[in-house]
Amino acid sequence: MSELTHKNLQKPRLGLVLTGGGARAAYQVGALRAIAEMLPAHAYSPFPVICGTSAGAINAAGVAMAATHFSEGIKQLESVWGNLHTDQVYRSDLLGVLQNTLRSIGSLTFKHMAGKPVSLLDNLPLKRLLGCRLPFRGIRRSIHAGALHALGITAWGYASGQSVTFYQGCPEVLPWKRAQRIGVPVRIGLQHLVASASIPFVFPAIRVNREYFGDGSMRQLAPLSPALHLGAERVLVIGVNEQENQPCDRQKVTSYPPLAQIAGHVLNSIFVDSLDVDLERLQRINQTINLIPAAHKENVSSLRMVRSMTIRPSQKIAELAQLHANSLPRTIRYLYRAVGAMGPNGAAMLSYLLFEAPYCRALIDMGYHDTLHQRDEILTFLFNE
């Protein structure tokens with residue numbers, strides 16, 4: 001494959017969709033590393049359209065910034081995730097946790113403190129980390145070099161109730177407006193990434209221009225839509241939740257579910273459910289188009305075939321999180337134990353918030369091997385062979 005150039009890597013236009021999932025997004029880095037190894041050493045990114053949500057937005061921005069040297073960009077992302085510690089994402093020291101807790105309680109209790117951020121954790125360290133490690137000017141360079149057509153970052157507007165995709169791309173990419181979702185041209189910056197990754201109640205909302213925004217996975221009814229609006233003709237999705245193939249056995253319970261178990265189900269519904277629904281919708285549209293006689297397809301020009309492929313974890317990530325739970329700082333372990341996150345019923349919540357290197361490396365390895373197992377299918381999808 002050494003004869004492949006960046007030009008034929010970008011035809012037809014491929015889209016990459018990186019979903020949200022907190023610490024689970026480390027899985028995406030392993031999958032991207034495997035894809036990078038399938039390409040020539042100095043190849044451009046095979047994905048001229050890149051869309052990310054929540055923690056996936058951070059990975060998306062990293063890929064876009066280094067689109068002229070795909071493998072190097074993935075190495076940089078792996079360096080960050082593979083050496084990550086909780087205190088680089090949110091304050092985990094006793095003083096920091098207490099200050100944030102008291103501020104949140106005060107905002108809910110005292111009138112003179114109303115309007116202060118209310119959140120379980122303080123993510124100021126994440127802002128500092130991204131500000132130091134992500135060269136945002138690289139997005140513009142990638143576009144000018146022809147390696148990137150557009151980058152889209154999705155966040156949820158608390159005032160408007162809209163799913164807003166902030167995008168930076170070529171001039172021919174036009175804004176869009178659909179039911180509860182819009183696309184807005186901007187120069188992507190730190191505030192867009194942090195806003196997209198602000199999990200409700202866990203991290204504070206972020207002000208962007210005139211509105212406060214939170215995690216882009218909230219009520220994201222059509223996760224594939226931004227990539228299609230930005231010009232993608234085929235879409236590769238890297239998810240962070242395993243496919244449920246077996247029916248769930250109903251069990252008799254004798255105790256009230258801990259807060260962490262409830263929160264885990266809420267996070268699963270935020271990050272996962274809408275993606276599966278949108279993939280099913282895309283498949284139905286493709287099937288409908290196939291049933292239309294060729295002579296009549298001009299009458300439905302608004303519909304088009306969009307091939308998709310999904311890479312998913314082969315193992316249960318919640319169980320993996322349990323194995324690495326003790327790598328968390330002591331103060332955070334006490335906090336999570338208080339809400340039930342350190343037990344088996346709270347593993348789902350823990351899997352989103354366990355920003356520690358051993359866990360992230362295990363996810364990277366899983367993503368890498370899962371992707372290599374689909375090597376032939378992926379190469380066929382990327383190059384339409």
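A quick note: this is a predicted structure, and the numbers were derived from the prediction, not measured.
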*Can you establish whether the number of heavy atoms outside R281 located under 6.0 Å from its atom CZ is more than 12?*
yes
*Does CZ belonging to R307 count more than 12 external heavy atoms closer than 6.0 Å?*
yes
Indicate yes or no for a side-chain donor-acceptor contact from [X] to the backbone of [Y] under 3.5 Å, with no hydrogens or angles considered.
| X | Y | result |
| --- | --- | --- |
| R13 | G15 | no |
| S71 | A41 | yes |
| Q315 | M366 | no |
| R33 | Y368 | no |
| Y90 | F203 | no |
| S142 | G138 | yes |
| S225 | A222 | no |

Atom [atom1] in [X], atom [atom2] in [Y]: separation rounded to 0.5 Å?
| X | Y | atom1 | atom2 | result |
| --- | --- | --- | --- | --- |
| R312 | T371 | CZ | OG1 | 13.0 Å |
| I139 | Y167 | CD1 | OH | 14.5 Å |
| Q322 | K316 | CD | NZ | 11.0 Å |
| Q28 | I35 | CD | CD1 | 11.0 Å |
| L148 | H144 | CG | NE2 | 10.5 Å |
| H85 | S92 | NE2 | OG | 10.5 Å |

Grab the two heavy atoms, one from [X] and one from [Y], that are nearest each other, plus how far apart they are.
| X | Y | result |
| --- | --- | --- |
| C360 | L354 | SG-O, 4.4 Å |
| W81 | G22 | CH2-O, 3.8 Å |
| A60 | I50 | CB-CG2, 3.6 Å |
| A55 | A25 | CB-CB, 3.6 Å |
| R337 | M342 | N-CG, 3.6 Å |
| A57 | L193 | O-CD2, 3.7 Å |

Would you say [Y] ends up clustered with [X] if hydrophobic residues are merged whenever their side chains have heavy atoms under 4.5 Å apart, either directly or through other cluster members?
| X | Y | value |
| --- | --- | --- |
| L134 | V186 | yes |
| L121 | L126 | yes |
| L124 | I58 | no |
| V173 | I153 | no |
| I188 | L129 | yes |

*Do C51 and V235 pass the side-chain contact (heavy atoms from CB on, under 4.5 Å) test, and can you show the C-alpha distance, the side-chain angles, and the key distance before you say yes or no?*
CA-CA 10 Å; C51 292; V235 180; over 6 Å; no
*Determine, step by step, whether I238 and Y27 satisfy the side-chain contact (heavy atoms from CB on, under 4.5 Å) criterion, reporting the C-alpha distance in whole Å, the side-chain angles of both residues, the deciding distance to 0.1 Å, and the verdict.*
CA-CA 9 Å; I238 304 180; Y27 176 88; 4.2 Å; yes
*Can you list the residues that meet the salt bridge (charged side-chain N to carboxylate O under 4.0 Å, His left out) rule with R141, with sequence neighbours excluded?*
none
*Tell me, please, which residues at least two apart from D365 pass salt bridge (charged side-chain N to carboxylate O under 4.0 Å, His left out).*
none
*Please collect all side chain to side chain donor-acceptor pair (under 3.5 Å) contacts where either partner lies in residues 151-163, sequence neighbours excluded, each pair once.*
T154-T165, S160-E211
*On the 0 to 90° scale, with breaks at 30° and 60°, tag the Y359-H324 ring pair as parallel, tilted or perpendicular.*
tilted
Using only heavy-atom distances, determine whether the side chains of [X] and [Y] contain a donor-acceptor pair under 3.5 Å.
| X | Y | result |
| --- | --- | --- |
| D370 | S314 | yes |
| S308 | R234 | no |
| N241 | R24 | yes |

_Among F166, F136, F213, exactly one meets ring-ring contact (aromatic ring centres under 6.0 Å, His included) together with H192. Which residue is that?_
F166
*Using the side chain to side chain contact (heavy atoms under 4.5 Å, CB included) rule, pick out the option among N59, V80, V63 that qualifies with V29.*
N59
_side-chain contact (heavy atoms from CB on, under 4.5 Å) for L363 and I317? Distances and angles first, verdict last._
CA-CA 8 Å; L363 285 173; I317 294 183; 3.9 Å; yes
*Heavy-atom distance under 4.5 Å between the side chains of P125 and D87, does that happen here?*
no
